[in-house]
Amino acid sequence: MAENKKHSEHSHKSHEDHLRETHLMLDPMPRGKMNEMVMESMHTTSWKFWAVFALLSVIVAWGLFYSWGRLILEGVGIAGVNRPSYWGIFLVNTVFWIGISHAGTFISAILRVFKAEFRRPFTRAAELMTTFGLVQAGFSIFMHMGRVWLSYWLFPIPNQRQLWPNFHSPLSWDLLAITTYLLSSTMYLFLPLIPDLAMARDRSTGWRKTFYKILALGFRGTEGEWTHLRNALNIFAFAIIPVMFSVHTIVSWDFAMATRPGWSSTIFGPYFVIGALHSGMGAVVMVLAVVRGTMKNMNYFIRPEHFEAIGKLMLIISMGWAYFFFNDYIVQWYGGDKWTKTLLHWHEAGPMGWMWFAMLIFNVAIPWAILWNKKWRSTPWLIFIVGLLINVGMWFERYIIVPISLSINRMPFTWRLYEPGIEIPLGIGTLAFFVLLYMAASKLIPLVPVWEVQEGHMDHSLKKFGRETVVTVSDLE
Amino acid sequence: MTVDLNKLHAVGAIAEEAEGKWGMVIDQDLCTGCQACVAACAMENNIAFVGEEDAGYGRSMHWIRTERFWEGEYPEVRMTDYQPMLCQQCGKAPCEPVCPAFATVHSQAEKINLQVYNRCVGTRYCANNCPYQVRSFNWRDYQDSRIRPEITILANQFNPDVTVRRRGVMEKCTFCIQRIHKAQDKAKSEGREVEDGEFTTACAQACPASAITFGRIDHPESLVSQLARMPHTQHHLEELGTLPSVTYLKGA
């Protein structure tokens with residue numbers, strides 16, 4: 001009897017330990033210690049970091065700036081675009097990077113609105129992706145233009161001749177939507193950053209102190225400041241969600257509003273939004289896995305439970321993507337238009353058919369096969385691979401929509417395949433620049449929103465009811 | 001029931017549908033596929049020669065091209081009629097609304113679709129959205145003899161009435177608008193209207209088989225209107241509602 005009791009006590013205790021071990025919210029640390037851990041992760045840089053940083057800088061200098069200079073000076077001819085594929089990888093990359101940028105808002109705003117507690121440690125990591133992804137999307141869209149030095153004509157700038165942009169054009173809507181999204185997501189990134197910047201200001205010296213002092217806007221943590229910050233965050237979290245949905249819908253209209261077979265599909269709006277979330281969530285787990293694996297103290301903040309939670313979302317989004325893909329396909333096929341049918345056949349059985357099948361395997365088959373299992377989706381390296389494959393698959397999807405669909409049109413005389421040229425170094429350049437910006441940011445701003453994690457720690461507690469230990473969550477807000 | 005579109009304040013795009021001004025008829029039964037129109041058009045409009053490599057990659061710049069098609073399976077292969085394809089000067093052109101910079105516009109005087117070269121920023125949306133694929137993009141500085149010494153001699157025969165386009169600009173058939181304006185100016189100075197057949201486009205002028213006829217489509221007695229009323233006419237991709245101004249005659 002006594003032995004039995006002892007055993008049950010032991011298992012009871014281990015259950016509690018297990019809860020603490022697996023859930024960040026139940027594993028509090030002293031505030032000062034946590035602040036120090038985040039500061040330490042920012043200050044610690046190994047030689048490996050600088051080696052990668054230097055390599056990426058070289059790639060950016062060659063891939064982005066040198067190649068872009070050549071593109072501007074020599075003309076779009078050094079890219080692979082031709083007739084009929086007037087749009088190529090630049091537009092693929094634009095859509096891809098805007099897609100990546102969607103996960104930041106999705107994780108940060110939607111999960112904040114729904115009070116999903118697991119979001120707390122990685123909202124900022126995701127928001128940074130939004131801002132930096134949009135920078136790459138902007139680069140890609142300007143690379144695409146034939147005369148980029150006149151790109152300011154696309155903005156409604158008052159001028160003597162009263163020449164305005166054409167607001168009938170989906171590209172004009174696109175530019176306004178992306179600009180709105182970039183500005184609002186940057187503000188949304190900055191607002192929850194203020195308390196952490198103030199924390200960093202109080203714990204730094206030298207140029208860092210000046211840097212944080214300017215950015216923290218004199219935040220001292222008074223009751224009024226916190227109230228204002230909470231109100232602003234509430235407004236932004238709700239307001240940015242429709243902006244996020246509208247951005248990718250408008251991006252899809254660049255295609256859906258055109259007369260091309262395969263493009264003028266009314267389902268493109270939600271299909272693009274779910275595709276953006278699909279690639280974005282894949283990118284978030286990749287970033288989190290790398291951050292956890294390479295930065296100091298991050299395995300305390302980012303735990304398998306977070307990969308598990310995002311993995312569930314990824315599985316749902318993958319199912320949603322499959323539904324919209326099938327919907328788009330079946331409606332176009334059933335429409336029976338001769339050119340659309342030719343195009344659909346070209347997608348699967350044309351010379352680039354392997355890409356179509358790879359897209360379905362990477363976007364649907366592999367996520368479904370792996371993410372259903374709790375243990376597998378909690379494994380960082382495994383979910384990293386799934387995220388990587390989803391991103392490759394989603395890039396393929398955009399490649400199929402843009403240059404492959406363009407190579408078939410209503411004038412069979414002009415049919416021709418597209419072969420990328422300088423798009424490849426430029427695409428690698430934007431990718432390297434994204435990682436470079438991210439690496440720089442990880443050393444300049446606290447990558448974990450410490451105050452939000454601390455708030456979560458205060459909300460959560462383990463309570464004992466008789467023999468049971470249960471998690472209670474009280475909302476302080 | 002007929003509705004006066006002007007009463008509905010629907011002037012502009014909708015009212016314009018009905019009133020094309022200049023039109024063209026191409027008789028495919030007469031076309032021999034000699035490509036004289038292609039050469040004449042390039043001479044008249046300072047169209048760039050892109051060179052072998054780019055032409056092979058689908059970047060040749062022609063405002064008019066002669067398409068060939070084959071019918072049937074080998075060995076029972078038969079060539080169909082030659083099909084000269086140029087800008088159809090749509091009454092409701094898909095290329096126009098998509099340009100973010102208003103570089104692709106419908107001229108109110110001539111009622112044709114024009115490209116404003118110095119306003120073009122090169123998004124190439126218009127070319128994507130053109131169902132006839134008849135827009136040409138300047139992929140490089142093809143006309144700059146400092147970059148391409150081999151075109152120095154060609155540069156000596158530029159038509160002074162037409163601009164030379166630089167890299168990153170879209171261009172397209174203008175129905176030889178410089179000739180339209182020249183004829184209109186001459187007629188105006190002589191105090192009369194432009195007569196039918198007084199001038200024609202470069203492609204029509206060069207056609208040895210007289211397969212191309214150009215003129216006022218809104219004058220019922222002009223030759224082009226009479227030809228456009230023939231029973232065996234057809235318009236390309238009419239189902240898209242683009243209202244092309246170019247009529248094809250086939251199978252008389």
Side-chain angles (χ1 to χ4, degrees), chain A residues 72-88 91 141 144-155 163-175 254-255 257-261 263-264 337 339 402 406-407 409-419 421, chain B residues 13 50-51 53-54 56-62 65-69 83 85 94-105 116 118-142 144 147 166-170 236-237 239-242:
Chain A
I72 291 170
L73 289 174
E74 291 182 36
V76 191
I78 57 172
V81 271
N82 61 0
R83 184 191 72 196
S85 297
Y86 287 95
W87 288 0
L91 263 286
I141 213 165
H144 165 81
M145 289 172 64
R147 298 205 293 172
V148 70
W149 52 94
L150 298 173
S151 51
Y152 64 94
W153 285 353
L154 300 180
F155 291 96
L163 278 168
W164 298 98
N166 179 8
F167 288 110
H168 294 172
S169 168
L171 280 184
S172 293
W173 314 338
D174 211 16
L175 214 65
D254 285 347
F255 307 100
M257 296 278 170
T259 58
R260 302 288 298 220
W263 276 13
S264 55
D337 177 54
W339 301 110
V402 186
L406 281 176
S407 56
N409 55 35
R410 295 186 179 88
M411 284 280 135
F413 187 77
T414 62
W415 289 2
R416 186 178 296 278
L417 260 183
Y418 162 88
E419 292 155 27
Chain B
V50 300
E53 197 185 318
D54 270 7
Y57 188 56
R59 285 174 176 172
S60 55
M61 297 174 68
H62 296 304
R65 61 173 185 257
T66 317
E67 298 186 344
R68 294 179 300 172
F69 295 103
Q83 180 174 292
M85 182 51 66
C95 56
E96 284 167 10
V98 296
C99 177
F102 273 129
T104 310
V105 289
V116 186
N118 52 4
R119 182 69 179 167
C120 179
V121 297
T123 66
R124 311 193 281 288
Y125 203 164
C126 54
N128 261 348
N129 215 25
C130 172
Y132 306 99
Q133 293 288 304
V134 287
R135 293 178 150 263
S136 311
F137 189 70
N138 286 272
W139 302 101
R140 303 168 202 268
D141 265 327
Y142 293 117
D144 194 336
I147 299 168
R166 71 184 300 191
R167 69 181 187 275
V169 172
M170 193 63 73
H236 276 294
L237 302 176
E239 70 274 17
L240 297 175
T242 51

Task: Contact class of B:F69 relative to chain A, heavy atoms under 4.5 angstrom - done: side chain

Task: Spatial distance of atom NE2 (A:H168) from atom CD (B:E96) [nearest 0.5 Å] - done: 11.5 Å

Task: Pairs of heavy atoms under 4.5 Å with chain B: top-ranked of A:V81, A:I78, A:D174, A:T259 - done: A:V81

- [ ] Go through the atoms of A:R416 and report whether side chain, backbone, both or neither lie under 4.5 Å from a heavy atom of chain B.
- [x] side chain

Open item on the list: Under a plain distance cut-off of 3.5 Å, with no hydrogens placed, do A:R410 and B:H236 share a side-chain donor-acceptor pair?
Closed with: no

Open item on the list: Is A:L406 in contact with chain B via its backbone, its side chain, both, or neither, using a 4.5 Å heavy-atom distance?
Closed with: side chain

- [ ] Output yes when a side-chain donor or acceptor of B:Y125 lies under 3.5 Å from a complementary backbone atom of A:P170, and no otherwise.
- [x] no

Task: B:T66 portion near chain A, given a 4.5 angstrom heavy-atom threshold - done: backbone

Task: Closest-packed option against chain B by number of heavy-atom pairs under 4.5 Å, given A:S85, A:P412, A:A258 - done: A:A258

- [ ] Could you have a look at B:R119, B:M85, B:R135 and say which one has the most heavy-atom pairs with chain A under 4.5 angstrom?
- [x] B:R119

- [ ] State whether the side chain of B:R124 and the backbone N or O of A:W87 hold a donor-acceptor pair below 3.5 Å, judged by distance alone.
- [x] no

Task: Under 4.5 Å from a heavy atom of chain B, the part of A:L175 involved - done: neither

TODO: Can you tell which part of A:T414 gets under 4.5 Å to a heavy atom of chain B, answering side chain, backbone, both or neither?
DONE: side chain

- [ ] Would you check if there is a donor-acceptor pair between the side chains of A:N409 and A:W415 at a distance under 3.5 Å?
- [x] yes

TODO: Among A:L417, A:D254, A:L150, A:L91, single out the residue with the greatest number of heavy-atom pairs under 4.5 Å to chain B.
DONE: A:D254

Task: Greatest number of heavy atom pairs closer than 4.5 Å to chain A - which of B:A103, B:P94, B:G122 - done: B:G122

Task: Under 4.5 Å from any heavy atom of chain B - which part of A:I141 - done: neither

TODO: Considering only heavy atoms and a distance below 4.5 Å, find which of B:V169, B:N128, B:V50 pairs most often with chain A.
DONE: B:N128

Open item on the list: With a sphere of 6.0 Å drawn around CD of B:E53, does it hold more than 12 non-hydrogen atoms of other residues, nucleotides or ligands?
Closed with: no

Task: Test salt bridge (charged side-chain N to carboxylate O under 4.0 Å, His left out) applied to B:D54 - qualifying residues, sequence neighbours left out - done: B:R59, B:R140

TODO: Could you tell me whether a side-chain N or O of A:W173 sits under 3.5 Å from a main-chain N or O of A:F167, the two making a donor and an acceptor?
DONE: yes

- [ ] For B:R65, enumerate each residue passing the salt bridge (charged side-chain N to carboxylate O under 4.0 Å, His left out) test, keeping only those at least two apart in sequence or located in another chain.
- [x] B:E67

- [ ] Could you check which of A:A79, A:S169, A:G75 has the highest count of heavy-atom pairs closer than 4.5 Å to chain B?
- [x] A:S169

